[in-house]
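The structure appears below as structure tokens.
Treat the numbers as computed from the prediction; the structure is a model and nothing was measured. Throughout, a chain's letter reflects where its sequence line sits, starting with A, and its residues are numbered from 1.
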Amino acid sequence: MNGKQITKLGFEKKAIKLALAAAGQREKAGLSRHEILDELQAVQANPQAYLTGGVYAELATELTSQQEAQQARQTAALRPTPLPYRVWGEDLIEPGARTQMDVAMQLPISRAGALMPDAHVGYGLPIGGVLATQDAVIPYGVGVDIGCSMRLSVLPLKPDSLTTDEARKLLLKHTRFGAGVSFEKSFRGDHEVLHEGTWRDQPVLRHLHDKAAEQIGTSGSGNHFVEFGTLTLPQADLGLEAGEYLAVLSHSGSRGFGAQVANHFTKLAQALHPTLDPAARKLAWLPLDTEEGQAYWQAMNLAGRYALANHDLIHARLARALGVQPAASVGNSHNLAWRQRVGEHDLIVHRKGATPAEQGQLGLIPGSMADPGFVVRGRGNPDALASASHGAGRQMGRKAAANTLAKRDVQAYLRERGVTLIGGGIDEAPQAYKRIENVIARQGDLVDVVAQFTPRVVRMDTGSEDV
DNA sequence: ATGTTC
């Protein structure tokens, strides 16, 4: 018996040596070459049956692990070409975002997708990306700020019933901005989401409960904001008469809690797919029939509810301070994954910076700190997996904005539109964003505009450089 | 987006 005959059978690497050693023992036991080759083929065909002992146990162990590695490579292999997907506002989208979406559409778990007109490059899936997968969820397909969402409260007040100075004082008193920030202990709010039993179901949730409790009702940093403005409703809708109303609009997420959940499960997903193509490494997924997949699904949905709770508190505080109850309220999450029927299939639809837009579903698409936002009603377009943009979308990265935009130009932009800004950084300048009018115009087959919100007094975190 | 980080 020699190595040539063994390799001819298809044994590879360490298995060749182990097969030779076993064959030698069988020769000593008096078996013919032909009989030994038959035995080796039998081991090769079903190594699992030889694992427990005997002369072929070591070979069987090696073959089993080679099989598993091969299987892992196959399940992690990308499709040679991306599945087709539709793009809205192609002329507004940078090539990098298209490339990221192409990679996402090459994942073996991907089934359908779409790119919204506010799309720009993000971690893993682009912002403005919609991705439907089969039986698996991608933590970075949802994003770091799990459950990031919008809320609008329309108040039963005339727009001019609140002065700019009063609005400023209310925002300063009742909102908190900045990474790691929480309300002072004596001023901290509470919410039923903090008392759910879910927090006790996983070590990672138990660990993060106290942080979540500290930060409840706060707004974070980056593009998050709370603002007073004027809602213009051209015709009766939302249970309201046509007209102009004082309104509060907020953009907030799941704060440190959601960020740590996202990073924890992304690491788990990457560890589960060690052979995943490096181009798709940030799109590592968790199969939903695994313990890890179920744990992420539970944690993600808790972070989604927690983000909504932050809006609950922000709006309740401001309304109470004004002595009113909202006359109407609209809101939506735009960083989350949902189970959704897509054609014949029950899929996991990731929206990473995309507004759910089922037929008749209300949503909010903000512009920028000084540009209008829109209340929209979904048209349930199946090619967009019933989605729309989540905002105007960046046309300039944070660094590029800080390097190229001038403070006085941003100040002039705010002044021209009569917007008062508290905090805010040059990296969030309106000029760093696409023109919201263009972005809305590109998605007329995804949503109908119901009302326009014009910001007047805006609070954001202080950016890398103040405006 | 988070908070000073595998």
Would you tabulate the side-chain donor-acceptor contacts of residues 317-326 of chain A under 3.5 Å, counting partners in other chains and residues two or more places apart, or write 'none'?
{"unit_1": "Arg317(A)", "atom_1": "NH2", "unit_2": "Phe187(A)", "atom_2": "O", "d": "2.4"}

What integer distance in Å separates [X]:[atom1] from [N]:[atom2]?
X: Phe225(A); N: dA1(B); atom1: CZ; atom2: C1'; result: 15 Å
X: Asp461(A); N: dA1(B); atom1: CG; atom2: P; result: 10 Å
X: Gln260(A); N: dT5(B); atom1: CD; atom2: P; result: 12 Å
X: Asn335(A); N: dT2(B); atom1: CG; atom2: P; result: 11 Å
X: Leu208(A); N: dT2(B); atom1: CG; atom2: P; result: 14 Å
X: Tyr123(A); N: dT2(B); atom1: OH; atom2: C1'; result: 10 Å
X: His207(A); N: dT2(B); atom1: NE2; atom2: C1'; result: 14 Å
X: Asp427(A); N: dT2(B); atom1: CG; atom2: P; result: 13 Å

>> Of the options dA1(B), dG3(B), dT2(B), whose atoms approach the side-chain atoms of Val144(A) most closely?
In response: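 So the nucleotide nearest the side chain must be dA1(B).
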>> Please pick, from dT2(B), dC6(B), dG3(B), the nucleotide with the shortest atom-to-atom distance to any side-chain atom of Lys267(A).
In response: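 The listed nucleotide nearest to Lys267(A)'s side chain is dC6(B).
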Ignoring backbone atoms, establish whether [X] has a side-chain N or O less than 4.0 Å from OP1 or OP2 of [N].
X: Asn263(A); N: dC6(B); result: no
X: Gln270(A); N: dC6(B); result: no
X: Arg255(A); N: dT2(B); result: yes
X: Ser221(A); N: dA1(B); result: no

> Do Gln66(A) and Glu12(A) have side-chain atoms, one donor and one acceptor, less than 3.5 Å apart?
Replying inline: no
Let me check something: any side-chain donor-acceptor pairs from residues 169-176 of chain A under 3.5 Å, sequence neighbours excluded? List them with distances.
{"unit_1": "Lys169(A)", "atom_1": "NZ", "unit_2": "Asp165(A)", "atom_2": "OD2", "d": "2.9"}
{"unit_1": "Thr175(A)", "atom_1": "OG1", "unit_2": "Leu171(A)", "atom_2": "O", "d": "2.6"}
{"unit_1": "Thr175(A)", "atom_1": "OG1", "unit_2": "Arg459(A)", "atom_2": "NH1", "d": "3.0"}
{"unit_1": "Arg176(A)", "atom_1": "NE", "unit_2": "Glu184(A)", "atom_2": "OE2", "d": "2.9"}
{"unit_1": "Arg176(A)", "atom_1": "NH1", "unit_2": "Leu172(A)", "atom_2": "O", "d": "3.2"}
{"unit_1": "Arg176(A)", "atom_1": "NH1", "unit_2": "Lys173(A)", "atom_2": "O", "d": "3.2"}
{"unit_1": "Arg176(A)", "atom_1": "NH2", "unit_2": "Glu184(A)", "atom_2": "OE1", "d": "3.0"}
{"unit_1": "Arg176(A)", "atom_1": "NH2", "unit_2": "Glu184(A)", "atom_2": "OE2", "d": "3.2"}

> When all nucleic acid strands are considered with a 4.0 Å heavy-atom cut-off, which category describes Gly222(A): base, sugar-phosphate, or nothing?
Replying inline: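 Here Gly222(A) touches the backbone only, sparing every base.
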> What is the nucleic acid contact for Phe257(A), judged by heavy atoms within less than 4.0 Å: base, sugar-phosphate only, or nothing?
Replying inline: nothing
> Relative to each other, are the rings of Phe265(A) and Tyr296(A) parallel, tilted or perpendicular (30° and 60° limits)?
Replying inline: perpendicular
> Which of these, His120(A), Glu428(A), Gln395(A), sits in a side chain to side chain donor-acceptor pair (under 3.5 Å) with Tyr433(A)?
Replying inline: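 Among the candidates, only Glu428(A) passes.
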>> Consider side-chain contact (heavy atoms from CB on, under 4.5 Å). Of Val376(A), Val447(A), Leu238(A), which one does Leu362(A) pass it with?
In response: Leu238(A)
> Which one of Ile146(A), Leu205(A), Val261(A) satisfies the side-chain contact (heavy atoms from CB on, under 4.5 Å) criterion with Leu302(A)?
Replying inline: Leu205(A)
> What are the residues of residues 171-187 of chain A, sorted by number, that bring a heavy atom to within less than 4.0 Å of DNA chain B?
Replying inline: Ala179(A), Gly180(A)
